[in-house]
Amino acid sequence: MRSPRRCSRNGCPRQAVATLTYVYNESTAVVGPLAAFAEPHTYDLCEPHARSLTAPRGWDVVRHEGEFEPPPPTTDDLVALAEAVREAARPAPRPPEPDQHRENPHQTGRRGHLRVIPPNH
């Protein structure tokens, strides 16, 4: 199953709720709501790291003032969750049945909904 996006800060296990983007030509760091997709040259941040971010001297920080909401589940997340539930609900595989056809190769047997019919001689 695909895991939710995590904070880009080293060692932080929290879920990302904000995206950090740098506007180099304006010396500005922008912290806004989590982008729909992970993009190169952006950083996903958890709420504590998004709120406490500081920029280098001479740079401005533009920060989203509202609440940082976790992203809603995507259809990929829901499909992965449904597949995990289906997998957990599958019965354990039965042990293999002894091979009865070795002793008498022309014996008729039954396996599930199929029936083994011996070849005509």
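Values reported hereafter were calculated over all heavy atoms of this structure, with side chains retained and with hydrogens, waters and symmetry mates removed. For the single chain, residues carry numbers from 1 onward in sequence order.
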Can you name the closest pair of heavy atoms from Ser52 and Pro48 and give their distance? OG-O, 2.9 Å
Check the pair Val17 / His49 against side chain to side chain contact (heavy atoms under 4.5 Å, CB included), numbers first and verdict last. CA-CA 10 Å; Val17 295; His49 285 126; over 6 Å; no
Using a 6.0 Å cut-off, check whether atom CG of Asn25 has over 12 heavy atoms from anything other than its own residue. yes
Value rounded to 0.5 Å, distance of CZ in Arg9 from CG in Asp44: 13.5 Å
Evaluate the criterion side chain to side chain contact (heavy atoms under 4.5 Å, CB included) for residue pair Arg6 and Arg14; output intermediate values, then yes/no. CA-CA 6 Å; Arg6 298 282 174 205; Arg14 294 185 200 99; 5.9 Å; no
So, taking the atom named CD in Glu39 and the one named OG1 in Thr21, what distance separates them when rounded to the nearest 0.5 Å? 9.0 Å
Interatomic spacing from SG in Cys46 to CZ in Arg51 - rounded to 0.5 Å: 11.0 Å
Nearest-0.5 Å distance that lies between atom CD in Gln15 and atom CG in Leu45: 13.0 Å
Rounded to the nearest 0.5 Å, how far does CG of Leu20 lie from SG of Cys7? 10.0 Å
Hydrophobic clusters here meaning ILVMFWY residues chained together by side-chain heavy-atom distances under 4.5 Å, can you tell me if Val62 and Val23 are in one? yes
Is there a path of hydrophobic side-chain contacts, each under 4.5 Å between heavy atoms of I, L, V, M, F, W or Y residues, that connects Tyr43 with Leu53? yes
Work out which heavy atom in Ala50 is nearest to a heavy atom in Val31; give both atom names and the distance. CB-CG1, 3.8 Å
